[in-house]
Amino acid sequence: MKPFDPRLLRTVPAVRAPIAALTAVGVLSGALTVATAFALSALVVAVVEGAPVGTPALWLAALFAARALLAAGSDIVSAWAGAAVSTRLRSALLRAWGRLPAERRPDPDTAVTLATSGATAVEPYAARYLPTLLTAALVPGLAIATLAVVDWPSAVIVVLTLPLLPVFAVLIGKATQTSTERRWVALAQLSGHFLDVVRGLPTLVGYGRAGHQVGVVKEVSERHRSATMATLRIAFLSSAALELLASISVAIVAVVVGLRLSWGTMSLGAGLVAILLSPEAYWPIRRVGAEFHSAAGGAVALDAILAHLEAPNAACEGALSGAPVRSTPNAALVEVEGVEYRYAAELAPVLRDLTLRLAPGLTVVTGPSGVGKSTLLELLAGLRTPTRGTVTAPAAHLVTQRPFIPAGTVRAAVTLGAPRPIPSIDVSASPMSRGMTSTRDEAVWEALRRVGLDGVVAALPGSLDAPLGDDGFGLSAGQRQRIALARASLCTEPLVLLDEPTAHLDGDAAEQAHALIAELAERRVVVAVTHRPELLRLADHHVHLEPVHGPATELRAEVRR
Amino acid sequence: MTARSPHAVVLTSRQGAPDLRPPRRQDRRAGVARPAPGIVKGGVLGGIASASGMALTATSGWLIVRAAERPIILTLMTAIVAVRAFGIARPVFRYWERLVSHDAALALLARRRWAAYDALIPLTPARLGRRRRSDVLAGVVDDLDDVVDAQVRVTVPVISSVVAGGLAILLTSWLAPAVGLVLSALAVGIALVCVVAYRLESRSLAELLAARAEVMRVSELMTSQATDLHAVGGWPTAMGWLDDAQRTLTTATRRQSIGRATASAAFLLLVGGAVVLTAVVVWPLALAAPVKALLLLTPVAVSEVITPLTDAMRALARATGSAARIDALLGLEPAVGPGGTTDLPATTGAPRLTARGLTASWTGGRTDVGPIALDVPAGSRVALTGPNGSGKSTLLAVLARHLEPTGGTVGWDGVDVTDLLTACVRDQVAIVDDLPHVFASTLRANLTLARPGATDAEVRDALRRAGLSPLLAALPAGLDTRLGEGGRGLSGGERARIAIARALLSRRPVILLDEPVAHLDPPTATAVLTDLLTADPEPGPHPTIVMATHRPEGLSLFDQVVTMQRPPE
């Protein structure tokens, strides 16, 4: 794994600012560390020689104050950078997926994991590991350069011994690689076990197997402990070895300085500076190793996220066969030509060789269950791309069988996806006389009135501001459909697709909804999948889909005027 | 029939009302950092390592200044040996400390995991909240890790700092009492800063966790409901929600960093002040120059010792919050008591289930279902539909004896279930929920947990009846193929079918399905339900099947469809 992946800067330019800020803090802290070594040496020299301590003491106090300010700033900048990098990656990821049709998006489990915990795991990587890496890249160089000026023999010793650290680290890594890898696999299984049996606890309790697992948990936890300790022992040993190596290197500097001091070929001040600065060349490099270990999860997640961010572009280049010619500005042109659709390569096609040309007005699609009616609507909406053939359609608004209702207010649910400002609806017919605040709210009330929900909403505490639970908690299936229809009437897309829009409505509510659908069809192309004869009677066109039995189940579309 | 599951013992040993009680009050503030066995040893070893580091800096200073006085080299030998010894002691003791403290922490983790698991069993599932139980449980795992982490991240550095600081104060007081006083004042200052930092961290923690949870909620919504959002053109709006949530999170993160920033800055100011003060105090003293250097460099070395304390205060704040959450959850009483004393009548067939005027509640507050009357004849299939919040899942939980009725009765072949042993009733019921868990184990083990001792032929038969023959045929190692985390991935439909196969294999006479196809696309949902309800029956009686669903697929396959209403407020 690379210590820093430059793709991060290239793929998500928004993270450049936080990383630049971290670099600036790193440079400043390096400079202050060097300055502190000088001030401290001056103070020690003043104290042991009985010279006035005022000036060096003031300098030291000022430097410590500056370092305190910088430390505080560095903590705040690091935290901000961590949050900024992870949130910007998450936004970029979701924005990229938002542009993809359903079948090109990663499977839901992967997507949820990457967008939630994956992006979060990058936070410690950016907040802790990157600053350490920058310090390690800057401070040793600065310390050595200063040493070269103040006392070049010490600088030579540091330059000669410093490379031993990474060499030694690599040697230790090589020597323990096989056993470490074997242990990591075992460790991952053992540490995953507890999470697995805890997450599955409802199932285990359901089948009376949970009590049995208590003993297993006990045993596996013990095995996890010994396996972890075996892995940690190696990690701790190698970090101790590196510390020892650094200590010996500093000791060499100290011995040489001591000898030269006793021979009188060096000043005390220079000697102290050399002693104080040389450890600064070693410790940042050791810390990178330690921090990298704790940020390793973030680095893996970052890798996966960057792969996903780069992939969509690649996928667009090599257009799939049968990629649709979409988003025609011609609102009246809705065409399906020779379309086949498979949910997965190994599954039989849901639609096969389907050709349709839809005219303005209301088209009702009927057909037996499982014939691919909902899939057809999703293809027309551009949410899926056909496996074969082409779909040509303008921007569409699709009302699914169980329409999505976001948590929030009634107003937010009805206006989700509606353009701002909402197109004016003729409200002269509206009998609403309550104090309406804005034309936007007027349009919302009008839309609710058209689906017969105005009375229900007005009776709610807070009316339009009444809260709706997660996923429309508390709404009946019929209310959900009516809210979705109200939403469809507020949208401006030239193509409206309705999947069983009135399945849960009856009586007046259904009649009202059917009238609204017919009215929508006067201005736009409306395609409705339905089993209801009342809606079919209002249709301008009727498409009946039927599976044609035979060796190749071919779909036949029957279009009637 | 009377075989009791092991957890029945746990249940019967718990006396107490089945209603929800407030969590047991325990002040955990001190408890989190209280050393586990072995941790004190780790802390002392860490203290020796830290003290060696300080001694290394101080004696190096002594050595350099003494050398500058150009003595005979031999007189420096003791100091040179001391410097080397301290240089070696620091990594050696640090290594030892880490081994000891991590081993102690892992032993504690093992104990706490086992104990928490045991305590969770009687609380599962009703006390884990109504939705996303798997996430609640995963939260327990994380919280336990945080709590145990506090031993290594808080207790050890605090003990180490105290030991090293104490040694430094003792030695400097012996050489120059005034410097000892300066260092004591420094120690007091550091302790105060720690308290302030802990307060700042704790204060911003709740806000940060809430902000993080909201970001998680929105990003999960956007990934799992992407198609629905795009369908209505709501994606840009959702991006707006994400931006808002992330902005709040960034602000909360920045606010939280103030605690840590304050501690880092205050530590440096304190150390800087102590160094200057020491210089002023030492300057006029009649001490040898090398000793003066040693005294002056001692407070400088404190800096290295106390650096881990900034992280320690953050870890302490987090662990305190985690411990409070664990205690609140594990302190709950089980939702259902041991029940009556009557064993089930030794029937062989599926029971007839009835409900009369039944009401129930998850929290003991508002009524979540009913009053409802229900009659499920033995071996029949009933679908429950109705809006969200009408109590479909609640009714299933009562039928499964996971939730106590608050009013009315549930009859099991005419006997009031509260008169029957809870464990016996539960042994008769198989549950399939909307997010079935697939264990990281073989396909066989994933099924036989429902009936240990089932033969391979029986397992294959259950798979076939759940429509999983094609999957089995495609698996490289057949029943021995590893599934779940690290194994073969499964589609949502396959997971639902595995849960159904478990229920069929268990041969339990009652199968309750809670939105089994809620997360599947319509064709898959229809296929799964058709396979379940039209599967050729195994020899013997049909199980009684009750399914809650909000979707229209497959309803025609049921004997009875019950539409439920939201209970009156």
Below 4.5 Å from any heavy atom of chain B, which atoms of [X] appear? Answer side chain, backbone, both or neither.
X      : value
A:A246 : neither
A:V250 : neither
A:A51  : backbone
A:A251 : neither
A:L43  : both
A:H224 : side chain
A:V217 : side chain
A:T87  : both
A:R260 : neither
A:L383 : side chain
A:L259 : side chain
A:R67  : both
A:L40  : side chain
A:S221 : both

Is the backbone of A:W263 close enough, under 3.5 Å, to the side chain of B:R70 for a donor and an acceptor to pair up by distance? yes

Between B:H437 and A:V198, is there a donor-acceptor pair closer than 3.5 Å when you use the side chain of the first and the backbone of the second? no

Heavy-atom contact with chain A under 4.5 Å, split by part of [X]:
X      : answer
B:A245 : neither
B:A107 : both
B:D142 : neither
B:R212 : side chain
B:I72  : neither
B:L296 : side chain
B:V65  : both

So which of [options] has the largest heavy-atom pair count under 4.5 angstrom toward chain B?
options                      : answer
A:L70, A:T116, A:L58         : A:T116
A:R88, A:M266, A:E243        : A:E243
A:T400, A:L237, A:I275       : A:L237
A:V45, A:L60, A:V197         : A:V197
A:G200, A:A79, A:G215, A:A57 : A:G200
A:A111, A:S74, A:S78         : A:A111

Name the option with the most non-hydrogen atom pairs under 4.5 Å to chain A; the candidates are [options].
options                        : result
B:A265, B:A226, B:A231         : B:A231
B:R94, B:H402, B:M239, B:R66   : B:M239
B:R111, B:R247, B:R90, B:R113  : B:R113
B:S257, B:P436, B:A279, B:A430 : B:S257

Quick one: [atom1] on [X] to [atom2] on [Y], what's the gap to the nearest 0.5 Å?
X      : Y      : atom1 : atom2 : result
B:W235 : A:L94  : CH2   : CG    : 5.5 Å
A:M229 : B:L99  : CE    : CG    : 5.0 Å
B:T124 : A:L201 : OG1   : CG    : 3.5 Å
B:L268 : A:L63  : CG    : CG    : 11.5 Å
B:E220 : A:T113 : CD    : OG1   : 9.0 Å
A:E49  : B:K292 : CD    : NZ    : 11.0 Å

Show the numbers, then the answer: is there a side chain to side chain donor-acceptor pair (under 3.5 Å) between A:E378 and B:T227? CA-CA 9 Å; A:E378 288 184 352; B:T227 307; over 6 Å; no

Under 4.5 Å between any side-chain heavy atoms of [X] and [Y], yes or no?
X      : Y      : value
A:R199 : B:F439 : no
A:S239 : B:R98  : yes
B:V276 : A:F64  : no
B:L242 : A:R90  : yes
B:T250 : A:W80  : yes
B:V232 : A:V399 : no
B:P452 : A:R209 : yes
A:L204 : B:Y117 : yes

Does atom CZ of B:R84 have more than 12 heavy-atom neighbours from other groups under 6.0 Å away? no

